[in-house]
Amino acid sequence: MPKVAQLIPIAIAAGCAIGLAGYIYLTLHDIAGAILFSFGLLTIVNYKLKLFTSVAGFIHRNELPQLALILGFNAIGCILVGLLTRVAAHPLNETAQQIIGERLANGSLNSGLLAIGCGVIMTISVTFAYRGNIIPLLFGVPIFIKCGFPHCMADTFYLSSCSTAYLME
């Protein structure tokens, strides 16, 4: 694992990549959008950025503090892209609200259990990608999206891209 000073930019960049991928998905909100969401994960793997869901399955016990930092800095990147999306007043707000509404309706326990599916798929997909085979990543991302498995960073982007009025409800 890189030192904290090295970790900050590559974790924020990974969050931005997921924010961009989430933006792409919100734009299309169909199977094509789910497939194109893979662009974010391909970017992360290619540039060896640190994304929580890409590294959590590979962390050793003594690296848990760094995993928490990755999560926090990923969130910053996702929020930055989400706020830019909100400022642009793009008509994606309804789709983001729908996704967040579904997560809230599921409840935290059910959403947490469903998120395990995303974690398993990401760990398998990233393992293959680091070995030079990106096909599982191209299939894994649309699978977790269309199955409705929450992805903590994508959900951070969706939440931060919602209008302030929705968040105050």
Side-chain angles (χ1 to χ4, degrees), residues 1-26 33-86 96 99-100 103-104 106 108-134 136-145 147-162 167:
M1 275 289 203
K3 295 185 189 293
V4 174
Q6 298 168 321
L7 187 66
I8 293 170
I10 60 177
I12 291 174
C16 289
I18 292 303
L20 177 60
Y23 185 85
I24 292 166
Y25 177 65
L26 290 180
I35 293 167
L36 293 175
F37 189 105
S38 298
F39 175 78
L41 276 297
L42 289 167
T43 301
I44 289 163
V45 168
N46 186 60
Y47 289 104
K48 296 180 177 46
L49 303 176
K50 296 295 180 191
L51 179 68
F52 176 79
T53 54
S54 295
V55 298
F58 306 102
I59 290 291
H60 297 86
R61 196 173 305 144
N62 62 339
E63 296 173 323
L64 288 176
Q66 285 191 337
L67 184 62
L69 287 174
I70 291 169
L71 181 65
F73 290 118
N74 286 169
I76 290 169
C78 286
I79 291 168
L80 288 172
V81 176
L83 292 175
L84 287 173
T85 300
R86 198 184 321 168
I99 292 168
I100 294 302
R103 301 289 195 256
L104 293 172
N106 264 344
S108 55
L109 178 61
N110 287 340
S111 289
L113 291 172
L114 287 173
I116 293 170
C118 175
V120 169
I121 291 169
M122 286 296 81
T123 300
I124 293 167
S125 298
V126 169
T127 299
F128 276 97
Y130 284 140
R131 293 178 183 165
N133 184 356
I134 63 165
L137 194 63
L138 294 174
F139 285 107
V141 172
I143 289 169
F144 86 72
I145 290 174
C147 287
F149 295 159
H151 183 286
C152 59
M153 287 301 108
D155 287 355
T156 300
F157 164 74
Y158 301 141
L159 184 63
S160 64
S161 69
C162 289
L167 298 175

His151 vs Val141 side-chain heavy atoms within contact, under 4.5 Å: no
Side chains of Leu137 and Phe128, heavy atoms from C-beta outward: is any pair under 4.5 Å? no
Side chains of Ile79 and Leu159: closer than 4.5 Å at any heavy-atom pair? no
Is the shortest heavy-atom distance from the side chain of Phe157 to the side chain of Leu26 under 4.5 Å? yes
Would you indicate whether the side-chain heavy atoms of Tyr25 and Ile99 approach each other to under 4.5 Å? yes
Distance check, rounded to the nearest 0.5 Å: Cys152 atom SG versus Ile18 atom CD1? 9.5 Å
Sorted by chain and number, sequence neighbours left out, side chain to side chain contact (heavy atoms under 4.5 Å, CB included) with Ala14 holds for Ile44, Leu49, Leu51, Asn74
On a heavy-atom basis, the closest approach of Ser161 and Ala96 is OG-CB, 3.5 Å
Tell me, please, which residues at least two apart from Ile121 pass side chain to side chain contact (heavy atoms under 4.5 Å, CB included). Ser125, Ile143, Phe144, Phe149
For Ala129 against Val45, the heavy-atom pair lying closest together: CB-CG1, 3.8 Å
With sequence neighbours excluded, residues passing side chain to side chain donor-acceptor pair (under 3.5 Å) with Thr156: none
Of all heavy-atom pairs between Val81 and Gly19, which one has the smallest distance, and what is that distance? CG1-C, 3.6 Å
Step by step, would you call Lys50 with Leu69 a side-chain contact (heavy atoms from CB on, under 4.5 Å)? CA-CA 10 Å; Lys50 296 295 180 191; Leu69 287 174; over 6 Å; no
So, using side chain to side chain contact (heavy atoms under 4.5 Å, CB included) as the criterion, who are the partners of Leu138 when residues are at least two apart? Ser38, Leu42, Ile134, Ile135
Is there a side-chain contact between Ile76 and Ile8 (heavy atoms, below 4.5 Å)? no
Between Phe58 and Thr127, is there a side-chain heavy-atom distance shorter than 4.5 Å? yes
Pairwise side-chain contact, Ile24 with Phe37, heavy-atom cut-off 4.5 Å (strictly under): no
Tell me every residue that passes side chain to side chain donor-acceptor pair (under 3.5 Å) with Tyr158, counting only those two or more places apart in sequence or in another chain. none
Within the side chain of Gln66, is there an N or O that forms a donor-acceptor pair under 3.5 Å with the backbone of Glu63? no
Give a yes or no on this: more than 12 heavy atoms of other residues, nucleotides or ligands lie within 6.0 Å of atom OH of Tyr47. no
I need the minimum non-hydrogen distance between Gly15 and Cys78, along with the two atoms involved. O-SG, 3.3 Å
Atom pair CD1 (Ile70) and CE (Met153), whose distance is rounded to the nearest 0.5 Å: 10.5 Å
Using residues 111-120 as the side-chain source, report each donor-acceptor pair under 3.5 Å to any protein atom, sequence neighbours left out, with the distance given to one decimal.
from	atom 1	to	atom 2	distance (Å)
Ser111	OG	Arg103	O	3.2
Ser111	OG	Gly107	O	3.1

